[in-house]
Amino acid sequence: MQKDNIFYKIYKELYQLYGPQGWWPLTDLKSSSNPGGYHPLDYSYPKTSDQIFEICVGAILTQNTKWSAVQKVLENLKKENLLNPKKILKLNSSKLQNLIKSSGYFSQKSKKLKIFSKYFINLKNKIPSRESLLSLWGIGPETADSILLYAFKVPTFVVDSYTKKIFSNLSIIDQNFDYEKIKNLFQANLYYDFRLYQEYHALIVEHAKRYYLKSKHKILCPLYKKFVK
DNA sequence: AACCAGGACGTGA
DNA sequence: TCACGTCATGGT
C-alpha cells in the first residue's frame with residue numbers, strides 16, 4: 001500500500017481530530033471515572049472468555065440500535081450475572097426478551113443470542129472463521145467483522161452505514177458499492193493491522209455522530225473542505 | 001410527532 | 001442478484 005492514499009490520509013486526519021477511541025467498551029472497565037468502559041491505547045486481548053462473549057453480545061444487540069440502549073442492557077445482564085453463554089442458553093426466552101427489550105427487536109435478538117451462545121460454547125476458545133459466523137442466523141457481515149476484529153483481534157475491516165455515508169459523500173466510493181467491495185477497498189489501502197482497523201472504524205462512527213446525523217448538514221464535515229476539491 | 005439508531009432476514013421479481 | 005418491507009424500543 002502507499003501511505004499517501006486517501007483512505008490512509010483520512011485515517012490520520014480522524015485520529016488527529018479525535019484520538020484513540022478505546023473500542024470495544026467493556027462493562028468490567030466501567031467506573032465513575034470511566035462510565036463508558038472504553039480503554040484508549042489498550043489493544044490487549046480480552047482477559048476472559050466472558051469478556052469476549054460480552055463483545056459478541058454487544059455486537060448483536062447494537063444492530064441498527066443506539067449503543068446507549070445496548071449499554072443499559074449489557075449492564076443489566078452483567079448485574080444479573082448473565083453475561084455468559086451457558087447462562088443465556090439456560091434462560092427461558094421470554095425472560096431473555098424482557099432483559100433485552102429496551103434495545104429493540106427483542107424477539108429476533110433473543111433468538112440470535114440463543115443461537116450464538118450455542119455456537120460460542122462449541123468454539124471451545126478457538127477463533128471462529130468469518131464463514132462460520134456468517135452461516136449463523138442473525139450474524140451478517142458487519143456483525144461478523146465486528147466480532148472478529150474487536151473480540152478476537154482478527155484484522156478484518158468493519159464497514160457500516162456511516163462508512164458508506166461519509167465516503168460516498170466525499171466521492172471516494174460510490175453509493176451502490178456493496179459491503180465486500182468497500183471492505184476490500186479499505187483493506188487494500190491500509191496496513192494489515194488490527195489496531196489500525198479497530199481505530200478506523202471507531203473513528204468513523206465518532207465522526208459520523210458529529211457530522212452525519214439527520215439534522216446536521218453533511219457539507220459541514222471538515223473532511224470535505226480538506227480532501228474534496 | 002415523525003424519524004432514526006454502530007443491521008439482518010424474508011420475499012418477490 | 002436486488003430492491004423493498006419487517007423487526008421494536010427509546011430518544012430527539
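Reminder, nothing fancy here: chain letters follow the sequence lines and each chain counts from 1. Only this structure's heavy atoms are used, side chains among them; waters, hydrogens and symmetry mates stay out.
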Value in whole Å for how far the P atom of dC7(C) lies from CG of Asn64(A): 14 Å
Using a heavy-atom cut-off of 4.0 Å across all strands, would you classify Ser107(A) as base, sugar-phosphate, or nothing? sugar-phosphate
Side-chain N,O (Lys66(A)) to OP1/OP2 (dG7(B)) below 4.0 Å: no
To the nearest angstrom, how far is Gln63(A) atom CD from dC9(B) atom C1'? 10 Å
Asn76(A) atom CG is separated from dG10(C) atom C1', nearest whole Å, by 14 Å
Non-hydrogen atoms of Lys114(A) and Leu89(A) that approach each other most closely: NZ-O, 2.9 Å
Would you call the rings of Tyr212(A) and His207(A) parallel, tilted or perpendicular if under 30° counts as parallel and over 60° as perpendicular? tilted
Are any of Lys164(A)'s side-chain N or O atoms less than 4.0 Å away from OP1 or OP2 of dG6(B)? no
Can you tell me how far P in dA1(B) sits from the matching atom in dA8(C), rounded to whole Å? 25 Å
Inter-nucleotide P distance (dG6(B), dA3(C)), Å rounded: 24 Å
Describe the nucleic acid contact of Ser161(A) in one word from base, sugar-phosphate, nothing, applying a heavy-atom distance below 4.0 Å. sugar-phosphate
Identify whether any heavy atom of Phe106(A) sits under 4.0 Å from a base atom; if not, whether one sits that close to sugar-phosphate; answer base, sugar-phosphate or nothing. sugar-phosphate
Would you mind reading off the distance between Tyr212(A) atom OH and dC4(B) atom P, rounded to a whole angstrom? 17 Å
Send over the distance from Trp137(A) CH2 to dC9(B) P, rounded to a whole Å. 7 Å
Can you check whether Thr143(A) has a side-chain N or O nearer than 4.0 Å to OP1 or OP2 of dA8(B)? yes
Calculate the interatomic distance between Lys109(A) atom NZ and dA5(B) atom P; express it in whole Å. 13 Å
Should Trp23(A) be listed as having a side-chain N or O under 4.0 Å from OP1 or OP2 of dG6(B)? no
Given the options Ile172(A), Asn169(A), Ile10(A), Leu223(A) meets side chain to side chain contact (heavy atoms under 4.5 Å, CB included) only with Ile10(A)
Would you mind classifying the nucleic acid contact of Ile100(A) as base, sugar-phosphate or nothing, using non-hydrogen atoms under 4.0 angstrom? nothing
Ile121(A) reachable from Val57(A) in the ILVMFWY side-chain graph, under 4.5 Å edges: no
Whole-angstrom distance between dC4(B) and dC4(C), as gauged at atom P: 16 Å
Below 4.0 Å: OP1/OP2 of dA5(B) and any side-chain N or O of Thr62(A): no
Which part of the nucleic acid, if any, lies within reach of Gln108(A) when heavy atoms closer than 4.0 Å are counted: base, sugar-phosphate only, or nothing? base
Got more than 12 heavy atoms from elsewhere within 6.0 Å of NZ, Lys12(A)? yes
So what does Ile204(A) touch, heavy atoms closer than 4.0 Å: a base, only the sugar-phosphate, or nothing? nothing
What contact category does Lys111(A) fall into here, base, sugar-phosphate, or nothing, at under 4.0 angstrom with non-hydrogen atoms? nothing
Mind checking if Gly104(A) touches a base, just sugar-phosphate, or nothing, with heavy atoms under 4.0 Å? base
Quick one: pull up CD in Gln187(A) and OH in Tyr192(A) and give me the separation to the nearest 0.5 Å. 7.5 Å
Rounded to whole Å, please give me the gap between CG in Leu203(A) and C1' in dG6(B). 13 Å
Near-parallel close stack of Trp67(A) and dG6(B) base (under 5.5 Å, under 30°): yes
What integer distance in Å separates Lys112(A):NZ from dC7(C):C1'? 8 Å
